[in-house]
Amino acid sequence: MIVLLKNQPKETELQNLIDWFRGMGLDVHVSRGSEHMLLGLIGDTSRIDIDLIQALEIVESVKRIQEPYKNANRKFHPNDSVFDVGAGNPIGGGHFQLIAGPCSVESEEQICAIARAVKASGATMLRGGAFKPRTSPYAFQGLREEGIRLLLAAKAETGLPIVTELMDISQLPLFADVDVIQVGARSMQNFEMLKELGHTDKPILLKRGLSNTLQELLMSAEYIMAGGNERVILCERGIRTFEPQTRNTLDLSAVPMLKELSHLPVVVDPSHATGIWRLVRPMALAAAAAGTDGIMVEVHNDPPHALCDGPQSITPENFDGLAKEVAAVRAAIGLGVGA
């Protein structure tokens with residue numbers, strides 16, 4: 001339920017109303033706009049008398065929300081969420097992040113060299129897998145704890161905030177110095193993990209599952225936000241369809257649709273979506289034109305010999321050109337050129 005207040009109410013009147021709602025066992029989310037203020041009521045609102053609330057002097061209108069997700073709902077939070085993903089590194093509300101790095105961390109020389117290259121080309125964050133979910137149990141599974149250490153070494157050298165995937169909640173203590181925790185597509189509905197991440201203070205990059213709807217993605221974000229962590233980034237990374245020519249089908253309509261439904265930042269991963277390095281550039285440019293808040297691409301200095309997902313990785317040289325073109329697209333549609 002949403003309660004729209006008249007103008008800017010007196011603090012005593014506002015606090016009395018909030019206390020009254022909380023006394024009914026409801027959580028109250030306060031959203032302050034330039035002209036109006038919203039109170040989002042979360043919990044069992046079925047016993048609330050709308051007419052009684054509507055009659056209060058400071059109340060403009062009352063509306064029940066039908067969608068099952070509340071915290072992630074733009075109706076509760078009309079303005080775009082903006083938060084840091086590293087010291088002074090914001091995302092959302094017009095702030096853009098260009099995230100690049102290898103699918104998997106292979107060595108200190110490899111990750112540091114790629115980090116230097118992508119930063120020089122305009123990347124604002126470094127991605128890299130330390131723990132790798134693989135379809136085959138015989139495929140390279142990542143360097144695990146050593147991989148995180150090497151990511152932190154690359155961060156120390158370049159200053160780039162890092163994002164890497166958490167595969168099991170038991171690994172969480174190893175992520176103490178990681179800037180953004182990624183929840184992969186296979187873990188999108190690992191609800192126990194999402195609940196635990198709701199108690200952290202780190203931004204969470206939540207990838208859409210291979211066969212999940214946008215509402216299911218938002219409900220997974222709701223699990224995190226319900227625990228108190230409102231710093232969630234939604235990631236479209238392609239969904240499974242009947243088309244076999246690409247690894248997945250990139251659903252770019254998800255970008256404007258998610259922005260209509262939610263206030264949370266949305267990023268696009270064209271590397272995992274297509275699985276083909278030649279398609280990363282056109283899909284990244286299309287994502288930029290669709291208004292995404294960030295693009296995450298896989299970059300490897302020797303794709304043919306990569307231990308993981310070489311066919312979808314672009315070289316640092318190709319990334320340099322891509323970064324310039326993404327900036328040009330964003331400038332052309334009036335979104336600016338940087339983070």
Side-chain angles (χ1 to χ4, degrees), residues 91-92 96-104 118 123 125 127 129 132-135 163 165 180 182-189 205-218 220-221 232-262 264-300 303 306 308-315 318-319 321-330 332-333 335:
I91 190 170
F96 182 81
Q97 295 294 326
L98 188 54
I99 310 165
C103 176
S104 180
V118 297
M125 295 188 69
R127 62 142 291 139
K132 293 302 303 178
R134 304 300 299 278
T135 302
V163 53
E165 182 173 347
V180 177
Q182 176 180 308
V183 174
R186 296 173 179 84
S187 299
M188 192 204 85
Q189 290 186 309
L205 190 147
L206 179 65
K207 286 200 164 187
R208 182 182 181 183
L210 278 70
S211 302
N212 289 109
T213 65
L214 296 183
Q215 178 164 301
E216 288 168 339
L217 173 61
L218 289 170
S220 290
V232 179
I233 304 164
L234 306 173
C235 182
E236 165 58 36
R237 45 80 69 209
I239 53 176
R240 177 171 292 172
T241 69
F242 53 80
E243 179 52 64
Q245 291 300 313
T246 54
R247 181 175 182 174
N248 297 289
T249 298
L250 181 57
D251 180 12
L252 283 180
S253 67
V255 176
M257 192 73 255
L258 285 171
K259 284 182 166 291
E260 183 176 309
L261 297 172
S262 177
L264 297 173
V266 180
V267 305
V268 173
D269 177 351
S271 300
H272 280 92
T274 65
I276 302 170
W277 73 267
R278 299 184 307 278
L279 301 183
V280 170
R281 173 185 170 274
M283 291 298 95
L285 298 181
T292 184
D293 296 297
I295 294 172
M296 183 161 68
V297 297
E298 292 189 356
V299 179
H300 198 285
C308 179
D309 286 343
Q312 68 192 33
S313 300
I314 63 175
T315 63
N318 284 334
F319 175 75
L322 174 62
K324 292 181 175 66
E325 291 180 300
V326 166
V329 169
R330 283 179 50 79
I333 61 175
L335 289 178

Practice problem: Let me see the working for L205 and V183 under side chain to side chain contact (heavy atoms under 4.5 Å, CB included), right down to the final yes or no. | Solution: CA-CA 6 Å; L205 190 147; V183 174; over 6 Å; no

Practice problem: Kindly indicate whether the side chain of H272, heavy atoms from C-beta on, has any atom under 4.5 Å from the side chain of K207. | Solution: yes

Practice problem: Grab the two heavy atoms, one from Q189 and one from S220, that are nearest each other, plus how far apart they are. | Solution: CG-OG, 4.0 Å

Quiz item: Tell me, do L258 and L217 make a side-chain contact under 4.5 Å, heavy atoms counted?
Solution: yes

Quiz item: Between A290 and V255, which heavy-atom pair has the shortest distance, and what is it?
Solution: O-CG1, 3.6 Å

Practice problem: For residues F319 and V280, determine if any side-chain heavy atom of one lies less than 4.5 Å from a side-chain heavy atom of the other. | Solution: no

Exercise. Applying side chain to side chain contact (heavy atoms under 4.5 Å, CB included) between R281 and each of I314, L322, V297, report the one that passes.
Key: L322

Quiz item: What closest approach, in Å, do S211 and E216 show between heavy atoms, and which atom pair accounts for it?
Solution: O-OE1, 4.3 Å

Quiz item: Where is the tightest heavy-atom contact between I239 and N248, given as atom of each residue plus distance?
Solution: O-CB, 3.5 Å

Self-check item: 4.5 Å side-chain heavy-atom contact, Q97 and I233
Solution: no

Self-check item: L252 and E236, any side-chain heavy atoms less than 4.5 Å apart
Solution: no

Exercise. Might you point out which heavy atoms bring I333 and A289 nearest each other, and give the distance in Å?
Key: CD1-O, 3.7 Å

Quiz item: What distance separates K259 NZ from L264 CG, expressed to the nearest 0.5 Å?
Solution: 9.5 Å

Quiz item: What distance do L206 atom CG and M188 atom CE have between them, rounded to the nearest 0.5 Å?
Solution: 6.5 Å

Practice problem: Without swapping roles, check the side chain of T274 against the backbone of P270 for a donor-acceptor pair under 3.5 Å. | Solution: yes

Quiz item: Less than 4.5 Å apart, any side-chain heavy atom of I295 and any of V267?
Solution: no

Quiz item: Going from SG on C235 to CD1 on I99, what distance comes out if it is rounded to the nearest 0.5 angstrom?
Solution: 7.5 Å

Quiz prompt | Closest non-hydrogen atom pair between S271 and M296, with its separation | solution = OG-O, 4.3 Å

Quiz item: To the nearest 0.5 Å, what is the distance between CE (M125) and CD1 (I91)?
Solution: 7.5 Å

Practice problem: Keeping the roles fixed (side chain from E243, backbone from Q245), state whether a donor-acceptor pair exists under 3.5 Å. | Solution: yes

Quiz item: Checking R127 side chain against P102 main chain: does a donor-acceptor pair fall under 3.5 Å?
Solution: yes

Exercise. Please check if the side chain of D309 supplies one atom and the backbone of Q312 the other of a donor-acceptor pair under 3.5 Å.
Key: no

Quiz prompt | Pairwise distance CG(N318) to OG(S313) - rounded to 0.5 angstrom | solution = 11.5 Å

Quiz item: Going through the distances and angles, do D251 and R208 end up as a side chain to side chain contact (heavy atoms under 4.5 Å, CB included)?
Solution: CA-CA 10 Å; D251 180 12; R208 182 182 181 183; 2.9 Å; yes

Exercise. Kindly compute the distance separating CG (L234) from CG (D293), expressed to the nearest 0.5 Å.
Key: 9.5 Å

